[in-house]
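See structure below.
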Amino acid sequence: ANVDSFFDIFTEVDAQNLLCDICDSIQADIDAKQLLIDSINDDIDIAERDLALLDAEIDLYDEGIEQAEKALDTLRNPKDYVESEGRHYDSADHAAMQRRSANLWNAYKAGKLSAQEYSDEVAKDFDDPDVARELEKIKKDLEKEISDSIKAMKKNKKEAEQDRKDINA
């Protein structure tokens, strides 16, 4: 062959396959281990995301439980009140009266009360005997709703904490 430059020598040389059977086997093992490592890293990423979501969920339950317990305490032991003409009206009465008003409005919208009946009921004073009995029932219902809500949040929090333990196991 006619060689005019140094580079001409290498263009005419056939490079032999430098990998051997042992090297191919080692490379296959390395590739398999790399796939396993990638899969484990993906699992770790998923577990970390799940843990972050569970932590956020647990924090929300803690906040909800705290708020509900405060609301329950306020309902049971109202601190805010007004007195006028010998009548005592506290925050629990106010909450019950709001619920009563909402119930009346919903009954009116559903056609269970006429406009006149709705107007008559809304005009009743909170110390009217019928209204007072209704407000006491509403307070008990509110107390039960809040207590049930606290129990449910505590149960859900416990389940989320167990899920967190299971992921960490």
Side-chain angles (χ1 to χ4, degrees), residues 30-169:
I30 290 171
D31 292 343
K33 296 296 181 200
Q34 187 60 52
L35 286 174
L36 180 62
I37 290 169
D38 292 344
S39 174
I40 291 170
N41 283 335
D42 290 343
D43 290 345
I44 290 170
D45 289 343
I46 290 168
E48 286 175 346
R49 280 192 299 264
D50 289 347
L51 286 172
L53 289 172
L54 285 170
D55 285 342
E57 183 178 344
I58 290 167
D59 288 345
L60 286 174
Y61 285 129
D62 284 335
E63 290 172 23
I65 291 167
E66 182 181 337
Q67 289 174 358
E69 285 174 342
K70 284 180 184 177
L72 188 58
D73 182 55
T74 300
L75 185 64
R76 290 177 175 162
N77 308 303
K79 294 167 184 61
D80 299 325
Y81 66 92
V82 294
E83 288 190 19
S84 176
E85 300 174 10
R87 298 181 342 189
H88 181 88
Y89 185 78
D90 59 36
S91 55
D93 294 324
H94 182 69
M97 197 63 146
Q98 285 181 313
R99 174 67 66 94
R100 180 179 184 273
S101 295
N103 291 346
L104 289 171
W105 178 249
N106 289 334
Y108 170 70
K109 286 191 333 186
K112 295 177 183 174
L113 290 177
S114 69
Q116 186 60 48
E117 291 169 322
Y118 172 74
S119 178
D120 291 346
E121 285 296 318
V122 170
K124 288 182 181 178
D125 209 5
F126 82 95
D127 59 355
D128 176 281
D130 292 336
V131 174
R133 279 191 296 278
E134 189 177 348
L135 292 179
E136 286 307 311
K137 182 185 179 320
I138 290 172
K139 286 181 201 177
K140 287 179 182 166
D141 291 346
L142 285 171
E143 188 173 331
K144 183 176 178 348
E145 286 173 24
I146 295 170
S147 293
D148 290 349
S149 175
I150 291 170
K151 287 177 191 170
M153 284 187 283
K154 285 182 176 180
K155 177 182 176 276
N156 291 338
K157 177 187 173 189
K158 189 178 279 189
E159 289 173 2
E161 288 172 336
Q162 184 59 51
D163 290 346
R164 189 176 201 298
K165 285 179 186 175
D166 292 346
I167 290 172
N168 279 325

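Note that these values count all heavy atoms, side chains included, but never hydrogens, waters or copies made by symmetry. For reference, positions follow the sequence shown, starting with 1. Every value quoted in this text rests on a predicted model; they were computed, and no experiment measured them.
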Is the shortest heavy-atom distance from the side chain of [X] to the side chain of [Y] under 4.5 Å?
X      : Y      : value
Ile46  : Arg49  : yes
Gln34  : Asp31  : no
Lys158 : Lys154 : no
Lys157 : Leu60  : no
Glu117 : Tyr108 : no
Lys165 : Glu161 : no
Val131 : Asp125 : no

First locate atom [atom1] of [X], then atom [atom2] of [Y], and finally report the distance between them rounded to the nearest 0.5 Å.
X      : Y      : atom1 : atom2 : answer
Asp90  : Asp93  : CG    : CG    : 4.0 Å
Glu57  : Asp55  : CD    : CG    : 10.0 Å
Gln162 : Leu54  : CD    : CG    : 11.0 Å
Ile37  : Ile44  : CD1   : CD1   : 10.5 Å
Asp120 : Leu113 : CG    : CG    : 10.0 Å
Leu75  : Ile146 : CG    : CD1   : 5.5 Å

Which residues pass the side-chain hydrogen bond (donor to acceptor under 3.5 Å, both in side chains) test with [X], sequence neighbours left out?
X      : result
Lys140 : none
Asp59  : none
Tyr118 : none

Please give me the minimum heavy-atom distance between [X] and [Y], naming the atom from each residue.
X      : Y      : result
Ile150 : Ala68  : CG1-CB, 3.5 Å
Ala47  : Ile167 : CB-CG2, 3.9 Å
Ala160 : Ile58  : CB-CG1, 3.8 Å
Thr74  : Ser91  : CG2-OG, 3.7 Å

So does [X] pair up with [Y], basic N to acidic O under 4.0 Å?
X      : Y      : value
Arg133 : Asp130 : yes
Arg87  : Glu83  : no
Asp50  : Arg164 : no
Lys155 : Glu159 : yes

Quiz prompt | Stepwise side chain to side chain contact (heavy atoms under 4.5 Å, CB included) test for Lys70 and Glu66 | solution = CA-CA 6 Å; Lys70 284 180 184 177; Glu66 182 181 337; 3.3 Å; yes
Quiz item: Quick one: salt bridge (charged side-chain N to carboxylate O under 4.0 Å, His left out) pairs with a partner in residues 37-48, sequence neighbours left out?
Solution: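 Not a single pair qualifies under salt bridge (charged side-chain N to carboxylate O under 4.0 Å, His left out).
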Quiz item: Applying salt bridge (charged side-chain N to carboxylate O under 4.0 Å, His left out), which residue pairs with at least one partner in residues 94-103 are found, sequence neighbours left out?
Solution: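 Applying salt bridge (charged side-chain N to carboxylate O under 4.0 Å, His left out) to every pair that reaches into residues 94-103, excluding sequence neighbours, yields Arg99-Glu145, Arg100-Glu121, Arg100-Glu134.
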Self-check item: Donor-acceptor contact below 3.5 Å, side chain Asn106 vs main chain Ala102
Solution: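 Confirmed, Asn106 side chain pairs with Ala102 backbone.
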Quiz item: Is the side chain of Ser101 donor-acceptor paired with the backbone N or O of Met97 at a distance under 3.5 Å, no angle test?
Solution: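 Yes: the side chain of Ser101 pairs with the backbone of Met97.
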Quiz item: Among pairs that include at least one residue of residues 52-85, which meet ring-ring contact (aromatic ring centres under 6.0 Å, His included), considering only residues two or more places apart or in two chains?
Solution: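 Non-adjacent pairs meeting ring-ring contact (aromatic ring centres under 6.0 Å, His included): Tyr81-His88.
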Quiz item: Within a reach of under 6.0 Å around NZ of Lys33, are more than 12 heavy atoms found that belong to other residues, nucleotides or ligands?
Solution: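 At most 12 heavy atoms, drawn from other residues, nucleotides or ligands, come within 6.0 Å of this atom.
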Self-check item: Asn168 atom CG, neighbour heavy-atom count above 12 within 6.0 Å
Solution: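 Yes, the 6.0 Å shell around CG holds more than 12 heavy atoms from other groups.
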